[in-house]
Amino acid sequence: CLVLVLIGALCSFIYIFCTTVSYPNHNKNGRKLPPGPRSLPLIGNLHMLGKLPHQNLHHLAKRYGPIMSLRLGSIPTIVVSSPQAAQLFLKTHDLVFAGRPKIQASEFMSYGSKGMAFTPYGSYWRTVRKWCTFHLLSTSKVEYFAPTRKACLGSLVETVKEAAAAGEMVDLSGKISEFMEDITCKIVFGRVKDDGLNFGYIVDKVMHLLGLFNISDFMPYLAPLDIQGIARKLRRWSKLMDMVLEKIIDEHVQTIDPEGRKPHRDFVDVMVSMLNQPMNHQDEDQPYIVERENIKAIILDIMPASSETTTVSIVWAFSEILRHPRVMVRLQQELETVVGRNRFVEESDLPKLKYLDMVLKESLRLHPVAPFLVPHESMEDVVVNGYFIPNKSRILVNTWSMGRNPNIWSENAEEFLPERFMDGKIDLRGHHFELIPFGSGRRGCPGMQLALVTMRLVLSQLIHCFDWELPDGMLPHELDMTEIFGLSLPRANHLRAKPTYRLLE
Ligand code: HEM
């Protein structure tokens with residue numbers, strides 16, 4: 001009897017092994033898949049991802065090529081690692097790959113896919129994206145919030161000035177993160193982060209959960225077991241978050257001017273003024289009415305999409321500038337020429353700061369905050385470059401890998417060299433696939449303009465107003481640049497430096 005059980009177990013194991021270990025080049029119908037490493041039963045290739053998966057996949061792509069296929073848990077995954085391949089997925093076949101995978105966190109945070117970032121491609125997503133771009137993220141809206149940016153940045157400079165007067169070190173990561181959270185809260189709902197609502201605390205908790213590796217996203221059949229307890233925690237925190245969001249909307253509803261004569265104070269004001277009205281033209285097939293859940297889902301999309309990404313990008317750029325004193329000197333020279341030393345930088349100065357622009361591009365090349373963009377998902381079977389890509393494959397575009405490829409950026413690809421953008425031929429709008437930190441195509445970042453103004457302003461102001469020294473006599477090249485992978489790709493350690501005020505009073 002025991003022998004029979006053992007034989008049965010062995011046969012089952014052989015069966016599972018043979019049916020789940022994929023032979024890299026063909027699927028079960030014999031169609032040619034992109035090359036990739038063999039996968040193991042159940043876990044697929046998950047064991048090949050370490051703490052920095054973008055780096056692991058970068059190395060694997062050197063072996064298997066720029067279109068590589070893997071299986072992460074039960075999810076067929078395609079890793080794209082060259083500009084030519086990215087163009088195929090994000091431009092040539094943009095529509096097929098405009099889907100987003102369903103992840104567990106989005107079930108709790110997007111009120112049944114009523115936001116934008118994790119909403120499946122379709123008529124609702126198109127409507128909400130158009131609506132947000134027009135009412136919240138257009139050029140005129142970005143300009144409208146210039147006074148808010150000026151006021152918040154003024155407070156940041158004052159705090160740093162106090163530290164400079166006291167000869168103290170500044171935790172730049174901490175200060176920039178606080179600044180970004182405050183300014184995002186001001187723009188989105190007109191309050192600073194910790195203005196009695198505990199919003200900041202709750203957002204931080206949720207962000208932490210969103211950044212965790214969630215096994216249910218790779219083995220959805222295990223989701224009901226909630227092995228890591230993530231769903232339970234998400235449920236709890238999203239309920240608390242909902243209460244705060246309801247309160248924010250109530251406050252806005254009470255103060256709204258039904259005649260629309262008062263200028264809007266913030267994004268929620270804009271959205272609340274359209275409550276119960278159609279989001280799209282009434283002549284379109286399916287009208288979508290603005291309801292509270294739409295507003296809450298959009299707030300929950302925009303808060304993390306805006307604050308964390310911009311903070312991390314500014315801190316990386318600052319780190320690179322501190323590591324390269326020559327770049328700091330050139331930036332300060334440019335600022336002296338354009339702004340002079342008697343006043344602060346104004347937003348109207350930004351278009352003249354050409355070297356600053358090159359520095360930002362170079363930093364985003366080496367430190368994309370979303371190293372795989374936001375994962376895309378194929379919406380039907382398709383053949384790309386001769387390879388069969390099955391419906392519902394997850395697409396990871398490894399922008400980190402593309403930013404460090406010597407075939408694109410020459411032998412000095414790993415060096416921080418802003419001058420490589422001197423000719424101004426490459427921009428960030430997603431047309432030059434070698435540099436796509438904001439993505440490209442239908443799903444590209446709609447907040448890019450807001451992000452770039454904020455990044456340029458904060459960096460230029462802090463570099464214009466202060467000279468900076470690294471702690472404990474640390475030499476520039478000794479500055480630790482270790483990354484940590486999570487919701488985004490920030491520094492592993494906080495960036496600290498000592499300021500000296502340098503403007504003429
Ligand atoms: C999507 C980058 C700032 C809102 C994305 C994507 C990337 C990205 C890579 C995914 C693109 C794709 O999947 O192809 C960044 C970076 C930022 C930044 C690097 C700052 C340096 C912002 C800001 C906002 C914003 C300030 C809004 C206020 C969004 C939204 C999406 C998105 C809503 C989802 C779009 C969709 O799925 O249709 N961003 N972003 N982002 N971003 Fe940003």
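Ligands are counted one by one from 1 in listed order, and the atoms in each one are counted from 1 as well.
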Among Pro446, Ser488, Gly447, Ala117, closest by any non-hydrogen atom to atom 32 (C) of ligand 1:
Pro446
Can you list the ligand 1 atoms lying under 4.0 Å from a non-hydrogen atom of Trp125?
36 (C), 38 (O)
I need the nearest protein heavy-atom contact for atom 11 (C) of ligand 1: residue, atom name and distance, please.
Arg443 O, 3.2 Å
Is the NZ atom of Lys175 crowded by more than 12 outside heavy atoms at less than 6.0 Å?
no
Does Ser306 reach ligand 1 with a nitrogen or oxygen that is under 3.5 Å from one of the ligand's nitrogen or oxygen atoms?
no
Should the proximity of Met455 to ligand 1, defined as any heavy atom under 4.0 Å, be assigned to the side chain, the backbone, both, or neither?
side chain
Proximal atoms of ligand 1 relative to Leu450 (non-hydrogen, under 4.0 Å):
28 (C)
Going by the order shown, which atoms of ligand 1 are within less than 4.0 Å of some heavy atom of Val369?
19 (C)
Do Tyr124 and Tyr288 make the cut of ring centroids closer than 6.0 angstrom?
yes
Would you say His208 has more than 12 foreign heavy atoms packed within less than 6.0 Å of its NE2?
no
Show the atoms of ligand 1 that are less than 4.0 angstrom away from any heavy atom in Arg100.
12 (C), 13 (O), 36 (C), 37 (O)
What residue among His376, Arg442, Glu377 forms side chain to side chain donor-acceptor pair (under 3.5 Å) with Tyr121?
Arg442
Under 4.0 Å from any heavy atom of Ser313, which atoms of ligand 1 are there?
21 (C)
How far is atom 14 (O) of ligand 1 from its nearest protein heavy atom, and which residue and atom is that?
His376 NE2, 2.8 Å
Against the six-membered ring of Tyr111, is Lys114 placed for a cation-pi contact (under 6.0 Å from the centre, within 45° of the normal)?
no
Between Phe118 and ligand 1, find which residue part has any heavy-atom pair under 4.0 Å and reply side chain, backbone, both or neither.
neither
Should you measure from each heavy atom of Thr309, which atoms of ligand 1 turn up under 4.0 Å away?
3 (C), 16 (C), 17 (C), 18 (C), 20 (C), 21 (C)
In this structure, is the centre-to-centre distance between the rings of Phe433 and Phe89 below 6.0 Å?
no
Hey, does the Lys NZ or Arg CZ of Arg394 hover above the aromatic six-ring of Phe218, less than 6.0 Å from the centre and inside 45° of the axis?
yes
Could you check atom 6 (C) of ligand 1 against the protein and tell me its nearest heavy-atom contact, residue, atom and distance included?
Val374 CG2, 4.0 Å
Which is it for Leu137 and ligand 1 at heavy atoms under 4.0 Å: side chain, backbone, both or neither?
side chain
Can a salt bridge be assigned to the pair Glu246 and Arg292 using a cut-off of 4.0 Å between side-chain N and carboxylate O?
yes
Filtering Pro437, Ser440, Ala370, Gly439 for the heavy atom nearest atom 2 (C) of ligand 1 leaves Pro437
Can Arg443 be said to sit on top of Trp125's aromatic six-ring, NZ or CZ under 6.0 Å from centre and within 45° of the ring axis?
yes
Got the closest protein heavy atom to atom 1 (C) of ligand 1, with its distance?
Cys445 CA, 3.8 Å
Less than 6.0 angstrom from the centroid, inside 45 degrees of the normal: does Arg404 satisfy that with respect to the ring of Trp409?
no
Can you check which of Ala305, Cys132, Gly115, Ala451 brings a heavy atom nearest to atom 22 (C) of ligand 1?
Ala305
